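Structure record follows, encoded as structure tokens.
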Amino acid sequence: MRIALFVTCVNDTLYPGTGRAVVRLLRRLGHEVDFPAAQTCCGQMHFNTGYRADAAPLARRFADTFDDYEAVVVPSGSCAAMIRDWYPTLGVEPPTGVYELSEFLVDVLGVTDVGAYFPHTVTYHPTCHSLRMLKVGDRPLRLLRAVRGIDLVELPGAEECCGFGGTFALKNADVSAAMGADKVAAVRRTGAEVLCAADNSCLAHIGGALTRRRAGVRALHLAEILAATEGDAR
Amino acid sequence: MTGSMPTYLGMPSFPEAAREAVGDTLLRRNLAHATGTIRARRAEAVAELPDWERLRGSARQIKDHTLAHLGHYLRLLEERVTGAGGTVHWAADAAEANAIVAALVEATGETEVVKVKSMATQEIGLNEALAEAGITAYETDLAELIVQLGDDRPSHILVPAIHRNRAEIRDIFRRAMPDAPAGLSDSPAELAEAARRHLRAKFLSARVAVSGANFAVAETGTLVVLESEGNGRMCLTLPRTLITVMGIEKLVPTFADLEVFLQLLPRSSTAERMNPYTSMWTGATEGQDFHLVLLDNGRTDVLADEVGRQALRCIRCSACLNVCPVYERAGGHAYGSPYPGPIGAILSPQLRGVGSKVDASLPYASTLCGACFEACPVAIDIPEVLVELRARAVESARHPLTDAAMAAAGWTLRSPARLALAQRAAGRFRRLTPRRLPGPLRAWTDTRDIPRPPPESFRAWWERTDGGRRP
């Protein structure tokens with residue numbers, strides 16, 4: 001199977017550790033992955049803010065870059081949803097076989113135990129586009145439950161939006177911050193040391209609020225927990 | 001023709017109004033409590049029905065079919081209502097509808113009307129228009145009465161006084177209800193009893209009533225009102241003249257179609273299995289005059305819009321408000337319209353255009369989390385319409401700051417080389433990443449840290465190490 005990684009512009013630029021974790025994880029599971037260097041961004045920010053003329057060339061670039069692959073793995077629920085659900089609106093046929101990471105692992109590779117070891121207390125935030133657009137259901141949780149050493153605790157009100165919403169975080173900063181404050185309070189109530197999600201943009205928002213408060217909770221992408229093994233120092 | 005709806009005078013943009021609401025601790029508490037309670041109850045009521053998704057599908061189909069043949073069904077309704085002794089009036093906009101109602105009331109010689117809770121009459125500002133004609137309208141829905149006595153604005157479709165708690169309601173009654181008993185406490189039973197006595201006098205003396213309608217059945221000419229208190233039933237039956245103002249999208253073709261909506265609406269709005277008071281009437285009852293005012297007020301424009309027309313499926317259940325995390329924190333007033341929350345964010349700008357500050361800001365009043373779409377009993381894809389309205393806002397006007405930022409981002413992202421260059425620059429100067437960003441980006445760093453760019457981007461790492469195969 002020819003597998004490509006669409007790392008996403010946010011991960012590429014700000015969270016390269018997430019991309020490296022996906023590569024390491026898939027390699028451990030016996031799969032090589034390509035990183036087509038022509039990739040940039042799925043166009044979600046432009047599209048959701050109304051800038052379709054800027055989103056369209058990015059969508060076409062994505063389709064051209066990934067057309068030849070049997071599977072494209074995306075470590076971001078909202079980018080995967082953008083590609084699958086919204087590209088047709090821009091007149092771009094999305095390549096078949098675009099999967100959010102947990103979908104790829106559970107549905108395509110058929111694994112839930114990926115051989116990870118992560119001896120920490122973790123709570124999981126499902127993120128809206130994974131939940132309501134992709135409908136990934138409990139796939140991420142099934143993957144997390146199979147991690148050895150993990151103490152997975154339930155997040156109260158998990159399905160409620162964290163308040164990020166892309167440019168919403170700037171355009172409606174007060175409501176965004178109020179939603180973020182409630183999400184942070186829910187995370188802290190769990191006593192978790194690590195907040196996990198499958199979308200680093202939501203995690204930048206919640207995680208940024210957590211560190212601003214010196215909350216003693218770190219935000220970590222699902223891929224990084226699934227890639228961790230006993231050999232890791234963390 | 002674009003509709004007209006009172007945009008409350010001097011209404012600020014959504015973010016500005018929301019800023020104030022977010023800082024109002026009592027409002028936040030009232031809203032979080034009320035929406036949290038109804039949210040949980042709705043989820044339970046919906047989970048009881050194994051065929052909920054199929055019901056949603058049917059509702060969507062019935063509404064879409066009706067909207068696609070709206071002219072036919074409206075003519076049929078007119079024929080059946082007229083045949084049953086009612087009179088049908090057609091109003092292109094708010095001003096026409098208000099003038100029709102005022103003239104009908106004046107013809108009776110009365111100067112007072114009682115009202116059944118109605119969104120359409122709020123949309124057209126009927127109470128204010130009647131007041132100008134020297135006619136006093138008395139709201140008889142309990143929550144609507146609280147809003148009217150408090151000289152306030154509704155903040156929720158179903159529970160217009162959701163922003164008030166019991167203690168505030170007691171204060172309003174004491175201040176503005178002339179016949180409020182001395183020593184009125186804030187117990188729900190005492191408050192309800194005070195309202196009951198106050199309203200009973202109105203019901204018994206009123207000779208004209210004004211209502212809205214939840215549904216109208218085209219094949220029979222039957223009008224349907226759903227309510228929980230029985231006050232609507234009294235308005236609909238006691239006065240000699242009944243005037244109903246109804247948006248033209250409220251139609252269903254057949255009586256059997258009601259079966260679907262009478263299951264969906266109560267569970268979605270009040271989390272009840274069955275609606276407490278469902279009143280149906282066909283034409284004029286003996287001894288009563290019945291007038292039906294069919295209101296367009298921008299609806300045919302919305303109908304002409306391929307993406308936006310799904311908003312006309314709305315049955316005003318308010319499930320989208322109750323599940324909306326933005327509504328929960330901003331409150332209903334920030335939306336500057338009788339239609340708050342997610343449905344308001346797509347309905348108000350479509351019905352009245354985006355000429356005002358608040359209407360222009362409404363399409364952005366959402367994180368696109370999709371909770372509204374998931375809860376909507378008629379499957380209105382609210383995020384889809386919001387994104388469509390944003391695209392039109394971008395096409396129709398300049399937004400210098402955002403336009404420039406989006407153009408710069410677009411230019412960078414259209415080329416992997418330019419993206420790599422930007423990443424190298426961010427990495428090189430990462431130690432200079434400020435804790436507080438300047439200009440509009442301050443909105444982020446006011447409450448959140450920003451991630452410090454890594455020394456090496458993912459693509460640089462991949463290139464240097466051949467995807468981790470070289471150290």
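Lettering follows sequence order; numbering is per chain, from 1. None of the values given here were measured: they were computed from a predicted structure. What you see below is based on every heavy atom in this structure, not just the backbone, and it leaves out hydrogens, waters and symmetry mates.
- Under the side-chain hydrogen bond (donor to acceptor under 3.5 Å, both in side chains) test applied with A/Arg212, the options B/Asp449, B/Thr447, B/Asp446 reduce to a single match, B/Asp449.
- Heavy atoms closer than 4.5 Å to chain A are found in the backbone of B/Pro440, but not in its side chain.
- Across A/Val23 and B/Gly467, no two heavy atoms sit closer than the pair CG1-O, 3.9 Å.
- Using a 4.0 Å cut-off between charged side-chain N and carboxylate O, B/Arg329 and A/Glu160 make a salt bridge.
- With a 4.5 Å cut-off on non-hydrogen atoms, B/Glu328 touches chain A through its side chain but not through its backbone.
- For B/Ser415, the part lying under 4.5 angstrom from a heavy atom of chain A is the backbone only.
- The CH2 atom of A/Trp86 sits 5.0 Å away from the CD atom of B/Glu384 when rounded to the nearest 0.5 Å.
- When heavy atoms are compared at a cutoff of 4.5 Å, A/Arg27 approaches chain B solely by way of its side chain, counted from C-beta outward.
- In this structure, the portion of B/Arg28 lying under 4.5 Å from any heavy atom of chain A is its side chain and not its backbone.
- With a 4.5 Å cut-off on non-hydrogen atoms, A/Arg20 touches chain B through its backbone and its side chain both.
- Looking at A/Glu32, the atoms closer than 4.5 Å to chain B (heavy atoms on both sides) all sit in the side chain, from C-beta outward.
- Both the backbone and the side chain of B/Trp444 come within contact range of chain A, with heavy atoms under 4.5 Å apart.
- With a threshold of 4.5 angstrom between heavy atoms, A/Leu5 approaches chain B through side-chain atoms but not through N, CA, C or O.
- For a residue to count as touching a neighbouring chain, one of its non-hydrogen atoms must lie under 4.5 Å from one of that chain's; by this rule A/Thr167 touches chain B with the side chain only.
- Salt-bridge formation is not detected for the pair B/Glu374/A/Lys135: no Lys NZ or Arg NE/NH1/NH2 atom is positioned less than 4.0 Å from an Asp or Glu carboxylate oxygen.
- Separating the SG atom in B/Cys369 from the CE atom in A/Met179 is a distance of 6.5 Å, to the nearest 0.5 Å.
- Using a 4.5 Å cut-off between non-hydrogen atoms, the part of residues 58-70 of chain A that approaches chain B consists of A/Leu58, A/Arg61.
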